[in-house]
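Just below is one structure, and these are the notes that go with it.
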Amino acid sequence: MTKQPLDGLFESLMAAPQIFKERDTLRHTYIPDELPHREEEIERLGNILFPVLSGSTPSNLFLYGKTGTGKTAVTKYVLNFLLDKIKEISNKSDYALATSFMNCQMVNTNYRVVAYLCDAVGEKVPFTGLPTDEVYSRFKSTLDSEKKLMIIVLDEVDILVKKSGDETLYNLTRINTDLDNSKVCLIGISNDLKFKEYLDPRVLSSLSEEEIVFPPYTAIELIDILKQRAELGFQPNILEEGVINLCAALAAQEHGDARKSLDLLRVAGEIAARKKAEEVTEEHVRIAAISIERDTVAEALRTLPLHPKLILYSVYLLEKHRGSENSITGDVFNVYSELCSVINIDPLTQRRIGDFINELDMLGLINAKNISLGRYGRTKRIKLSIPKKQIQDNLEGDERIGRLSGHVPESF
DNA sequence: TGTCCACTGGAAGGGAGGGCTT
DNA sequence: AAGCCCTCCCTTCCAGTGGACA
């Protein structure tokens with residue numbers, strides 16, 4: 001058999017110095033045996049959920065805190081602990097503990113939440129077709145068919161409520177009154193502190209019987225977290241002095257985000273491994289910071305549907321041909337409509353384009369600010385938030401947008 | 001000070017595509 | 001097969017608005 005080019009690649013990678021011991025422990029999704037600087041939160045959550053061990057229903061609770069402050073990790077940590085404990089005493093207790101953890105970024109409609117819960121209790125339902133009420137009552141009756149205590153965790157619950165309202169949440173907070181054998185405990189997790197304002201007061205009072213606020217990590221705390229993970233994930237003495245401090249400092253600039261600091265450390269390690277370096281250096285961390293940023297943007301651009309891509313490309317063309325002058329919604333819509341006719345598709349309405357402009361703003365790809373031009377109306381001032389080169393490189397790769405490359409809109 | 005522009009953004013609803021029940 | 005119900009994506013309608021201008 002002839003030698004494949006990949007054989008050589010793998011051989012040289014194997015021969016290179018080993019950087020990682022256990023790479024996955026450096027992912028933020030990995031739950032270590034200890035969570036440094038979250039002892040207090042673990043203890044509080046443990047205290048609140050402790051009644052499950054004696055078969056009582058704990059209070060519903062709400063966890064608040066910014067991204068990367070350990071809400072999800074602490075919750076999973078405590079739930080895992082409880083599940084282990086329950087296993088130990090299972091012969092002594094006459095009920096089962098079930099948990100369902102869902103991220104409302106994915107499970108973001110009322111129907112999907114209930115369907116997900118059905119799945120968790122072993123009730124198979126189609127992803128569409130049934131009335132939500134029907135799916136909900138199937139969930140209830142399956143859950144109630146045996147003695148069970150179910151802890152339902154709704155991570156990023158604010159997304160669900162903003163998108164689909166709080167009807168499901170309302171039903172779930174009242175479900176215990178309809179159950180004879182089983183009980184449900186709800187845990188809501190949110191990084192939007194203003195989220196409470198959207199909630200019906202009845203849901204709010206029932207859901208936040210207990211609340212835990214997760215403060216951001218300080219740079220010093222991040223260093224401890226990174227040291228712990230580095231010990232698990234990297235070969236000994238592979239990190240140059242200062243690497244961990246730099247990762248912590250960069251992440252601390254953004255509200256003490258442990259997730260980000262771990263990503264930085266892991267990607268820095270991957271870069272060092274690729275370069276076959278003897279150790280991971282501060283330079284690798286800096287490259288990692290740029291590469292993470294670039295990859296996030298490239299990924300966002302690549303996965304955009306066609307119409308938002310065209311809108312973004314219109315903003316790009318406006319900036320390219322009219323210099324740094326800011327565009328307004330009307331300009332963008334005109335160029336967008338023209339591009340649609342060039343590639344022979346029907347343009348969407350200006351109303352819909354307005355929504356897409358807001359979405360692109362939220363993704364951080366453009367900056368759209370409401371302004372008033374006096375008697376010339378109220379509109380949005382729109383600027384690109386990322387370099388033009390990045391738009392060009394990533395969008396013109398799309399065959400349909402590529403056809404527009406070099407096109408100068410007639411409106412100029 | 002009132003007018004008026006060019007929108008914004010909420011609300012309601014249409015319809016396509018999918019699937020269930022009877 | 002008919003009648004429902006779901007989500008998703010979109011349109012239509014329209015009241016509301018900030019501030020330059022007459």
Net bend of the helix from B:dT1-C:dA22 to B:dT22-C:dA1, end axes of five pairs each, nearest 10 degrees: 30°
Between [atom2] of [N] and [atom1] of [X], the distance in whole Å:
X: A:Arg378; N: C:dG19; atom1: CZ; atom2: C1'; value: 10 Å
X: A:Glu134; N: B:dT22; atom1: CD; atom2: C1'; value: 13 Å
X: A:Asn334; N: B:dC7; atom1: CG; atom2: P; value: 8 Å
X: A:Ile382; N: B:dA6; atom1: CD1; atom2: C1'; value: 13 Å
X: A:Ile328; N: B:dA6; atom1: CD1; atom2: C1'; value: 8 Å

Does [N] have OP1 or OP2 under 4.0 Å away from a side-chain N or O of [X]?
X: A:Thr329; N: B:dA6; result: no
X: A:Thr109; N: C:dT7; result: yes
X: A:Lys380; N: B:dG9; result: yes
X: A:Arg381; N: B:dC7; result: no
X: A:Asn370; N: B:dG9; result: yes

query: Which atom names give the shortest non-hydrogen contact between A:Thr142 and A:Val121, and what distance separates them?
result: CG2-O, 3.6 Å
message: Within the supplied structure, the quantity of interest is the number of heavy atoms (other residues, nucleotides, ligands) at a distance under 6.0 Å from A:Lys66 NZ; does it exceed 12?
response: no
message: I'd like to know whether CG of A:Asp84 has more than 12 heavy-atom contacts from other residues, nucleotides or ligands below 6.0 angstrom.
response: yes
query: Contact class for A:Ile371 (heavy atom, under 4.0 Å): base, sugar-phosphate, or nothing?
result: nothing
query: Base, sugar-phosphate alone, or nothing: which one does A:Gly330 contact when heavy atoms must sit under 4.0 Å apart?
result: sugar-phosphate
- prompt: Passes side chain to side chain donor-acceptor pair (under 3.5 Å), A:Lys380 versus A:Asn358? Steps please.
  reply: CA-CA 10 Å; A:Lys380 275 201 173 85; A:Asn358 289 342; 3.0 Å; yes
query: Does the side chain of A:Thr132 come under 3.5 Å of the side chain of A:Asn110 through a donor N or O and an acceptor N or O?
result: no
query: Looking at the side chain of A:Asn358, which of B:dG9, B:dC7, C:dT7 is the nearest nucleotide?
result: B:dG9
query: With respect to the side chain of A:Arg375, which nucleotide from C:dC6, C:dG18, C:dA20 is positioned closest?
result: C:dA20
field: Pair A:Arg351 + A:Asp355, salt bridge at N-O below 4.0 Å
entry: yes
- prompt: Salt bridge or not for A:Arg400 and A:Asp398, using N-O below 4.0 Å?
  reply: yes
For A:Leu304, the option from A:Leu363, A:Leu310, A:Asn394 that meets side-chain contact (heavy atoms from CB on, under 4.5 Å): A:Leu363
At a cut-off of 3.5 Å, list every protein nitrogen or oxygen paired with a nitrogen or oxygen from nucleotides 9-11 of chain C, distance to 0.1 Å.
from: C:dC10; atom 1: OP2; to: A:Arg352; atom 2: NE; distance (Å): 3.2
from: C:dC10; atom 1: OP2; to: A:Arg352; atom 2: NH2; distance (Å): 3.1
from: C:dT11; atom 1: OP1; to: A:Thr349; atom 2: N; distance (Å): 3.1
from: C:dT11; atom 1: OP2; to: A:Thr349; atom 2: N; distance (Å): 3.1
from: C:dT11; atom 1: OP2; to: A:Thr349; atom 2: OG1; distance (Å): 2.8

- request: Name the residue closer to the 5' end of DNA chain B, choosing between A:Gly374 and A:Gly354 according to the nucleotide with the nearest heavy atom.
  value: A:Gly374
statement: d(A:Leu160 CG, A:Thr109 OG1) to nearest 0.5 Å is 8.0 Å
- prompt: When you measure from the centre of the six-membered ring of A:Phe20, is the NZ or CZ of A:Arg266 under 6.0 Å away and within 45° of the axis?
  reply: no
